[in-house]
Every structure is written in C-alpha cells, then in structure tokens.
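Here's the structure, in structure tokens; my notes come after.
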Amino acid sequence: MTKEIWISDVLSGTLVDQEVSLKGWVKRTRSSGKISFITLRDSTGSIQCVAKSGSLPDEQMEALKSSLIETSVIITGLVKADERSGGFEVAVSAAEVVGAVNPDSPFPITESAMAVADGGETEFLLDNRHLYLRTSRMTTMLKIRSSVFGAIHSYFRELDFVEYQAPCFVAGAVEGGSTLFEVPYFGRKAYLTQSWQLYAEAAMPALERLYTIAPSFRAEKSRTRRHLTEFWHAEMEIAWGGNDDVMAHGEALVRHICRTLLDERSQELETLGRDLDLIRRYADNPFPRIRYDEAVERLQAKGVDIEWGQDLDYSKEKILTQDFEVPHFLTHYPRIAKPFYHRPDPDDEKYVLCHDLLAPEGYGEIIGGGERTWSEKEILERIDEEGTPREPYEFYIDVRRYGGVPHGGFGLGVDRVVSWLAGAEHIREVIPFPRDSRRVTP
RNA sequence: GCCGCUUUAGCUUAGUUGGUGGAGCGUGGGACUGUUAAUCCCAAGGUCGCCGGUUCGAACCCGGCAAGCGGCGCCA
C-alpha cells in the first residue's frame, strides 16, 4: 500500500481531468445538504475534495460526511481546475476511511487554539506537541529545519570533510561543570556531552578535516527564546589552521545555509512571513569582524556600563548587533573570560584567538569557536591556571604530546540558526520535541 | 539561582466593588446541492489549579502550595 500521488502533484496542474487516488488526512469538512466539501491534507499540501450525493456509494458518502478532523482517508476522484476552490479540486467518486476518529475524543487542536497561539507556545499545544506536529506551521518549520541540516552536510562534504561521531556519555566537562547533566553509570558517574570538540581534537591528527551534527546537552536553567537543554550542535575541526581559517568556514557555512534555504524553501519562508531580501542579504554579503576591545569601546561610547575583561552578555550583544545588517564576528576576547582550550594570542597574551558569530535582528550568538591551545606546555599552563584537574583531560593532553599541530574549530547552534532564519518567536518552534528545564514531555 | 505574570467547559475566553457561572469553537441531533474558520435551530458538557483562612455566604478577599509562561545570569 505505497503512495504514488501526492497532493502537490495535483496542485501542480499536470493531472487535470485525470482520476487520482489521494491518501491523506481530513483537515476540515463543510457540508451543505447533499454536497460535502472535504479539505484533504498530506505532507505536501492540501486540496478541496467535493463529494455529491449520487456520485459515490451512499454508505461512503455517509462515512465521509461524518469524518472528523484528522481521519485518515483514501479519496478517489477526477481532478478539476476550479476557480471556486482557488485552483484545483477533486470530484469524489469513491472514499475509504482508513483510520476513523472517535467523536468522544475528537482531535483536540481546534482553530481557536491555533489562532491564539501562532507559534505553538501555549501550555496546551506544548502538551499536545505530538499532535501539533501535523499543523501547517510546524510542518513548514520542520521542512526548513531539514534543509538547514542538509545544507550543513553538503557544505562540509563538498570540501572533503569527514563526518565523525563522538560519544554522548563522557567523563569530563567542556564548558563550566555546573551545566553538566549527571547520569548514573553502573555505580559510577558519567555526564551527557556538552560538545563534540574534545573528542574531535583527538581525531584531528587522523582525519584533519572533520565535522558532525549531533545533540549536545546543557543543564542550564535558562528560560529564554534561544535556549534548550538538548540542542543540535554542528561542529567542525581542522588541522593546520588558525582562528581566521575557522572563521572563514563559519562565514561560508552560514552563507551557504542561507543560499540553500532560498533555493529550497522560499515558499515556506514566505508562508511564515519572512522577508526573503533579508536572507539574500545574509547570503550575499561578507560578515564584518571586530575585536573584543572595539566592541567594548563601541558599547562604552553608547553609554553602556561595561569594563574590559567582562564577558559580553546577551543584553550587550543585542545592543552591538543593532550596528550590523548582517552576521558579524567578535574576536580576541580576554583570556580571563574564556576556557583553557582557547589559544592565547602570541602577539598579546592577554587575549585568546577565538570568535563568536552574532546573528543580526537582535538575535545574538550562533557560533562560538577559535584556535586551540596546541602545545603540551601551554595546555598544562592553562589547565592549571584555571584550577581544572588534569586527570579527565589526559587523553586531550596526549593530542599535544604526540605531534601537536595548530588546529581549531567551531560549534554552531543548528536550532538557533533555524529559529533566526525562519523568524521564529522561540527556539522551541523549530524542534519537534523541545527540551528545557521545565519540560521533558511529550 | 533570581525577578515578574498566569491558572474559569476538550480548546479560546467573558464575568461579578463577595449572593449557587455566560459565550465562540469543537462534539451530538436537525435544516440546507458550491462551501472557504460556511450559515441557521436545538442539546450535552464546569467540585472557576490545589489546600487552608476570613465571612451568614468565596470563582472573586487573604495566606500557602503546585503547574505553566515570560525574562535575567550563562551559553550554541
């Protein structure tokens, strides 16, 4: 029982006056005496089917008329061009209900629930996420998301990067230890990974150019429009490259994602009310780069209370992004503000060779990356200076003991990129089952 | 960890300066042969988040709790 004809085929206009058998779900019904209108949807679109008494067996007519929203059906009929339905419709000659919906528990997501929560953010819709997935807004988001994932793979694979997987159970932290999820592990403690990076560095001398798209986990209690506890992380690592080389990849990747969305998902983006000119601007223009010091000066000139050495929090990032119409890099943060694996700048050891990529429209950080500390002497100094225990990082230090080379990489928050480019109100809108500090169900 | 807001039918909500709760959608029944969130008539459906207090009387006032949402710090 495979499916050969999709609603999008009918809407393309090539099947006029042909009989088709459409498999799908009832989106809406209207009835006017002896004529019934059924809007049928599948994953590719929706179309109006018109059932008239006498044109199909009575019992099929009755079954169709009493079909509730989300009943699965197979509808057979003649495709007709018809202005009254805004293009094409199907004149029903046969209908088979495959999976009925019980009137005692009809599909709970009604027009009223959708109208108020344009974005699926009410408690009710989050509780019914498994059903909300079927709505057109969520379907559109998931298609855009799929294209972003595809674009990331195609970018790296075209450049001969190798896709490489790191473990999800780990013993040590990448970022600060407070955001680790601890899990029992046969009488010991393990943690869910926060990043692929440390294990990627171990494979760097083997593969030289590698990337991944994988979930990362952070036990942050953040309740913002850009945070999840489980998020999809696209990371890359290259040997024989420095901060500038890594940034060049970050810029090229984000521009490639924008170009891919314009090619594959313009219609979906417009459905969501997104201005395609903005996406074109991001795809076609170089991303400016400013140093941390310049960012601090700019902020101070605007009267923002910030001292040198402070990390830039979201409110300050947001003020900065207002100066730019495209994504832009912030580089050379003070060493004291960043973890041990960032390499100090040989020209001025107060700074590290790192970068963040900030998305415009007030969105904020989507990439964090940089050059790694790559000599044994320097990595031990930095680990000790931070007060971090060496033991969990022995394998990481070994990368430096046996033929260390300059290398670097970045991590991109895939959900954040989708959220930014789709113009979502909240990052939850772009992932099927969002996880945050308050929600692990459904 | 901190600050703020919300909670009334399956969903979205109105409401009473304290006197046993209204509507729209959805569902069920009826009318209608071109509807576009169809329309019209009828019906069922609510311990007004939970616990306690004040009161002759609490959905409404007070206290506590819970859940959810928004935001901050931190980050991708």
Side-chain angles (χ1 to χ4, degrees), chain A residues 27-39 46-55 61 66 68-70 80 82-87 89 91 101-117 119 121-128 131 174-179 194-197 213-235 250 310-318 337-339 356-359 363-369 410-420 425-428 436-439:
Chain A
K27 185 176 181 179
R28 183 170 295 132
T29 61
R30 289 173 289 274
S31 139
S32 177
K34 291 176 180 164
I35 184 166
S36 264
F37 304 92
I38 296 95
T39 306
S46 55
I47 190 168
Q48 175 164 283
C49 303
V50 184
K52 294 178 179 173
S53 283
S55 300
M61 180 71 182
S66 60
L68 300 186
I69 290 171
E70 287 306 307
K80 290 181 173 176
D82 196 310
E83 286 310 310
R84 288 172 296 185
S85 54
E89 62 178 33
V101 172
N102 184 344
D104 293 335
S105 56
F107 194 69
I109 299 176
T110 58
E111 293 289 344
S112 54
M114 290 294 296
V116 172
E121 297 309 312
T122 64
E123 180 183 358
F124 171 75
L125 290 177
L126 287 165
D127 286 342
N128 287 281
L131 301 176
V174 179
E175 310 292 342
S178 61
T179 61
Q194 296 176 305
S195 168
W196 164 92
Q197 180 194 326
I213 307 179
S216 283
F217 306 89
R218 297 196 183 166
E220 287 158 353
K221 288 185 180 168
S222 310
R223 299 188 50 73
T224 77
R225 67 184 56 182
R226 350 170 269 299
H227 280 88
L228 296 166
T229 53
E230 175 183 330
F231 68 97
W232 286 80
H233 212 171
E235 298 182 84
Q310 260 185 290
D311 212 344
L312 298 177
D313 61 43
Y314 178 62
S315 63
K316 300 185 178 76
E317 274 182 8
K318 210 169 171 179
K338 290 286 176 180
D356 285 350
L357 181 65
L358 307 185
Y363 195 81
E365 186 172 352
I366 53 174
I367 280 181
F410 66 71
L412 171 148
V414 184
D415 317 278
R416 282 190 179 177
V417 168
V418 178
S419 179
W420 161 53
E425 291 291 314
H426 198 291
I427 195 167
R428 270 195 308 248
D436 63 32
S437 61
R438 294 279 182 84
R439 184 176 286 278

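A, B, ... follow the sequence lines: proteins, then strands. Residue 1 opens every chain.
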Once you apply a heavy-atom cut-off of 4.0 Å, does A:Glu89 come out as touching a base, just sugar-phosphate, or nothing? base

Between B:A38 and A:Arg30, is there an OP1 or OP2 to side-chain N/O distance shorter than 4.0 Å? yes

Watson-Crick or G-U wobble mate for B:G73, both contacts under 3.5 Å: none

Euclidean distance for P, B:G10 against B:U47 (whole angstrom): 7 Å

Looking at A:Arg416, is its backbone amide N or carbonyl O close enough to the side chain of A:Arg226 to form a donor-acceptor pair, meaning the two atoms are under 3.5 Å apart? no

Look at A:Arg223 and B:G71 and indicate whether a side-chain polar atom (N or O) is within less than 4.0 Å of OP1 or OP2. no

Could you give the distance separating B:U8 and B:G49 at their P atoms, to the nearest angstrom? 6 Å

Closest non-hydrogen atoms of A:Gln194 and A:Arg218, given as atom of the first, atom of the second and distance, are O-NH2, 2.9 Å

Length of the line joining A:Lys221:NZ and B:G71:C1', which is rounded to integer Å: 16 Å

What about A:Thr224, does its side chain sit under 3.5 Å from the base of B:G70 through a donor-acceptor pair? no

Any side-chain N or O of A:Lys52 below 4.0 angstrom from OP1/OP2 of B:U33? no

Do the side chains of A:Glu70 and A:Leu131 get nearer than 4.5 Å, heavy atoms only? no

Has A:Phe231 got its ring stacked on the base of B:A76, with centres under 5.5 Å and planes less than 30° apart? yes

Mind checking A:Arg225 for me? I need base, sugar-phosphate or nothing, with any heavy atom below 4.0 Å counting as a touch. sugar-phosphate

Gap in Å between the two C1' atoms, one belonging to B:C3 and one to B:G19, rounded: 39 Å

Does B:G70 have OP1 or OP2 sitting under 4.0 Å from an N or O in the side chain of A:Arg428? yes

With rounding to the closest Å, how many angstrom separate the P atoms on B:G71 and B:G29? 44 Å

Integer angstrom distance from the C1' of B:A76 to that of B:G4: 27 Å

Can you tell me the distance, in whole Å, between the CD atom of A:Glu70 and the P atom of B:G26? 15 Å

Sticking with atom C1', work out how far B:A43 lies from B:C50, rounded to a whole angstrom. 32 Å

Starting at CG of A:Leu228 and ending at C1' of B:A76, how long is that distance when rounded to a whole Å? 10 Å

Between B:A76, B:G34, B:C74, which nucleotide has the shortest distance from any of its atoms to the side chain of A:Asp313? B:C74

C1' spacing across the pair B:A38 / B:G24, given as an integer number of angstrom: 15 Å

A:Phe107 or A:His426, whichever maps to the more 5' nucleotide of RNA chain B: A:Phe107

Under a 4.0 Å threshold between the charged nitrogen and the carboxylate oxygen, would A:Asp436 count as salt-bridged to A:Arg439? no

Sugar-phosphate atoms are those with a prime plus P, OP1 and OP2; base atoms are the rest. Using that split, label each nucleotide of nucleotides 42-47 of chain B B, S or - for protein heavy atoms under 4.0 Å, 5' to 3'. ------

Can you say whether a donor on the side chain of A:Thr179 sits under 3.5 Å from an acceptor on the base of B:C74, or the other way round? no

Collect all protein-nucleotide pairs involving nucleotides 27-32 of chain B in which both atoms are nitrogen or oxygen and the distance is under 3.5 Å.
residue: B:U27; atom: O2'; partner: A:Pro103; partner atom: O; Å: 3.3
residue: B:C32; atom: N3; partner: A:Gly33; partner atom: N; Å: 3.1

Searching all strands shown, indicate the nucleotide that pairs with B:A38 (Watson-Crick or G-U wobble; both distances under 3.5 Å). none

Using purine N1 to pyrimidine N3 plus N6-O4 or O6-N4 for Watson-Crick, or N1-O2 and O6-N3 for G-U wobble, each under 3.5 Å, what pairs with B:G68? B:C5

Using Watson-Crick or G-U wobble geometry with both distances below 3.5 Å, tell me the partner of B:A43, or none. B:U27

Which is true for A:Arg438 with a 4.0 Å heavy-atom rule: it touches a base, it touches only sugar-phosphate, or it touches nothing? base

A:Ile427 atom CD1 is separated from B:G70 atom P, nearest whole Å, by 12 Å

Could you run down the sub-3.5 Å N/O contacts of the protein with nucleotides 5-11 of chain B?
residue: B:C11; atom: O2'; partner: A:Ala113; partner atom: N; Å: 3.3
residue: B:C11; atom: O2; partner: A:Ser112; partner atom: OG; Å: 3.0

Looking at CG of A:Leu412 and CD1 of A:Ile367, how far apart are the two atoms once the value is rounded to the nearest 0.5 Å? 4.5 Å

Provide, to the nearest angstrom, the distance between the CG atom belonging to A:Leu412 and the P atom belonging to B:A76. 11 Å

Hey, what do you get for NE2 (A:His233) to CZ (A:Phe410), rounding to the nearest 0.5 Å? 9.5 Å

Separation of A:Leu126 CG from A:His426 NE2 (nearest 0.5 Å): 9.0 Å

Given RNA chain B, 5'-ward residue of the pair A:Glu123 and A:Ile366, judged by closest heavy atom: A:Glu123

Any strand counts, and the cut-off is 3.5 Å on both contacts for Watson-Crick or G-U wobble. Which nucleotide pairs with B:A14? none

Output the single nucleotide from B:G68, B:G34, B:A76 whose closest atom is nearest the side chain of A:Arg84. B:G34

What is the separation between atom CG on A:Asp415 and atom P on B:C75, rounded to the nearest whole Å? 19 Å

Keeping A:Thr122 on the side-chain end and A:Leu125 on the backbone end, is there a donor-acceptor pair under 3.5 Å? yes

Tightest non-hydrogen contact, residues A:Ile69 and A:Lys27, listed as CG1-O, 3.7 Å

Which nucleotide wins on minimum distance to the side chain of A:Ile35, given the candidates B:G1, B:C74, B:G34? B:G34

Is there a donor-acceptor pair closer than 3.5 Å between any side-chain N or O of A:Glu89 and the backbone N or O of A:Asp82? no

Taking all non-hydrogen atoms of both residues into account, name the closest pair between A:Met61 and A:Ala51 and its distance. CE-O, 3.4 Å

When rounded to the nearest Å, what value does the distance between C1' atoms of B:G18 and B:C61 take? 8 Å

Paired with B:C32 by Watson-Crick or G-U wobble geometry, both distances under 3.5 Å: which nucleotide is it? none

Rounded to whole Å, how long is the line connecting atom CZ of A:Arg439 with atom C1' of B:G68? 8 Å

Taking all non-hydrogen atoms of both residues into account, name the closest pair between A:Thr39 and A:Ser46 and its distance. CG2-CB, 4.1 Å

Write down the atom of A:Gly411, the atom of A:Glu235, and the distance for their closest heavy-atom approach. CA-CG, 3.7 Å

The nucleotide from B:G34, B:A67, B:A76 with an atom nearest the side chain of A:Glu365 is B:A76

Taking all atoms of both residues into account, what is the closest heavy-atom pair of A:Pro106 and A:Val101, and its distance? CA-CG1, 4.1 Å

Is there a side-chain contact between A:Ile213 and A:Trp232 (heavy atoms, below 4.5 Å)? yes

Compare all side-chain heavy atoms of A:Leu358 with those of A:Glu365 and state whether any distance is below 4.5 angstrom. yes

Interatomic distance where OH belongs to A:Tyr314 and P belongs to B:G70 [whole Å]: 14 Å

In Watson-Crick or G-U wobble terms, both distances under 3.5 Å, what is the partner of B:G52? B:C62

